[in-house]
Amino acid sequence: MPKFTIEHQSSNKPQEAYSKIKDFLSNDQDLRRFDSKMDCKFSDSDMSCKLNGSQFKADVKITEISEGSKVTLIVDLPFMLTPFKSKVQETLQKKLSKYLG
């Protein structure tokens with residue numbers, strides 16, 4: 001399965017960024033269009049999330065940096081969806097910018 005990484009830096013504090021990411025992953029309908037069976041397992045203690053679905057898997061981690069926080073998504077797509085990699089990547093980057101600024 002091909003993997004790709006998306007990193008987004010935010011001026012939000014890590015806990016605030018994590019809260020916004022939880023809202024995004026739990027409620028965003030555009031993300032659900034990629035995989036309606038997506039399940040999110042959040043770990044509040046280390047500000048991370050594991051996404052499991054029928055179409056893709058992803059790991060999300062929020063870390064503190066001097067200017068705020070950094071969100072790292074590692075997305076694992078099945079080989080059959082490789083042609084859609086750029087669309088998935090573009091959508092995730094836009095959504096991170098929308099939710100985190």
Side-chain angles (χ1 to χ4, degrees):
M1 292 174 92
K3 288 186 179 185
F4 63 92
T5 301
I6 299 172
E7 293 185 343
H8 181 83
Q9 291 187 4
S10 171
S11 59
N12 295 313
K13 295 186 186 299
Q15 194 60 41
E16 184 180 351
Y18 178 66
S19 176
K20 290 180 179 189
I21 289 295
K22 278 179 80 170
D23 180 51
F24 161 54
L25 295 175
S26 298
N27 302 313
D28 190 80
Q29 293 305 308
D30 289 334
L31 191 58
R32 298 276 175 207
R33 258 190 265 150
F34 286 122
D35 195 336
S36 62
K37 297 179 183 176
M38 184 179 71
D39 178 50
C40 303
K41 296 207 185 311
F42 296 100
S43 174
D44 294 342
S45 62
D46 64 354
M47 292 186 290
S48 66
C49 177
K50 290 201 177 288
L51 294 132
N52 288 304
S54 60
Q55 301 297 320
F56 70 94
K57 295 178 182 180
D59 291 314
V60 182
K61 178 78 176 158
I62 290 95
T63 53
E64 185 172 4
I65 57 173
S66 60
E67 302 85 33
S69 59
K70 179 172 80 170
V71 178
T72 305
L73 280 92
I74 301 172
V75 181
D76 197 358
L77 287 177
F79 186 71
M80 296 287 291
L81 293 179
T82 302
F84 300 103
K85 175 187 166 192
S86 63
K87 183 64 176 168
V88 172
Q89 193 170 14
E90 177 185 324
T91 299
L92 288 171
Q93 286 174 327
K94 283 182 184 178
K95 292 294 181 170
L96 286 174
S97 293
K98 175 184 173 186
Y99 280 85
L100 298 173

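We use all heavy atoms of the structure for the numbers below, so side chains are in, but hydrogens, waters and symmetry mates are not.
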Residues which pass side chain to side chain donor-acceptor pair (under 3.5 Å) with Asp44, listed by chain and number, not counting sequence neighbours = Tyr18, Lys22
ask   = Do Leu81 and Val88 touch side chain to side chain, with heavy atoms closer than 4.5 Å?
value = no
ask   = Say you draw a straight line from CD1 of Ile74 to CD1 of Ile6; how long is it, rounded to the nearest 0.5 Å?
value = 10.5 Å
note = Residues passing the side-chain contact (heavy atoms from CB on, under 4.5 Å) test with Lys85, sequence neighbours excluded, are Phe4, Leu77, Gln89
task = Ignoring hydrogens and angles, tell me if any N or O in the side chain of Ser69 forms a donor-acceptor pair with the backbone of Ala17 under 3.5 Å.
result = no
key: Side chain to side chain, Leu100 and Ile21, heavy atoms closer than 4.5 Å   = yes
inquiry  = My understanding is that only residues two or more places apart in sequence, or in another chain, count here; which of them pass side-chain contact (heavy atoms from CB on, under 4.5 Å) with Thr82?
reply    = Pro2, Phe79
query = Does Ser54 have any side-chain contact (heavy atoms from CB on, under 4.5 Å) partners at least two apart in sequence or in another chain, and if so, which?
reply = Asp35, Lys37
ask   = Distance from Asp76 atom CG to Gln55 atom CD, nearest 0.5 Å?
value = 12.5 Å
key: Pairs meeting criterion side chain to side chain donor-acceptor pair (under 3.5 Å) with involvement of residues 92-101, two or more places apart   = Asp28-Lys95, Asp28-Tyr99, Asp30-Lys95, Glu90-Lys94
NZ-OG distance between Lys13 and Ser19, expressed to the nearest 0.5 angstrom = 14.5 Å
Summary of salt bridge (Lys or Arg N to Asp or Glu O under 4.0 Å) pairs that have at least one residue in residues 63-72, sequence neighbours excluded = Glu7-Lys70
Which residues share a side-chain contact (heavy atoms from CB on, under 4.5 Å) with Asp46, sequence neighbours left out = Ser43, Ser48, Lys61
Nearest-0.5 Å distance, NZ of residue Lys3 to CG of residue Leu73 = 13.0 Å
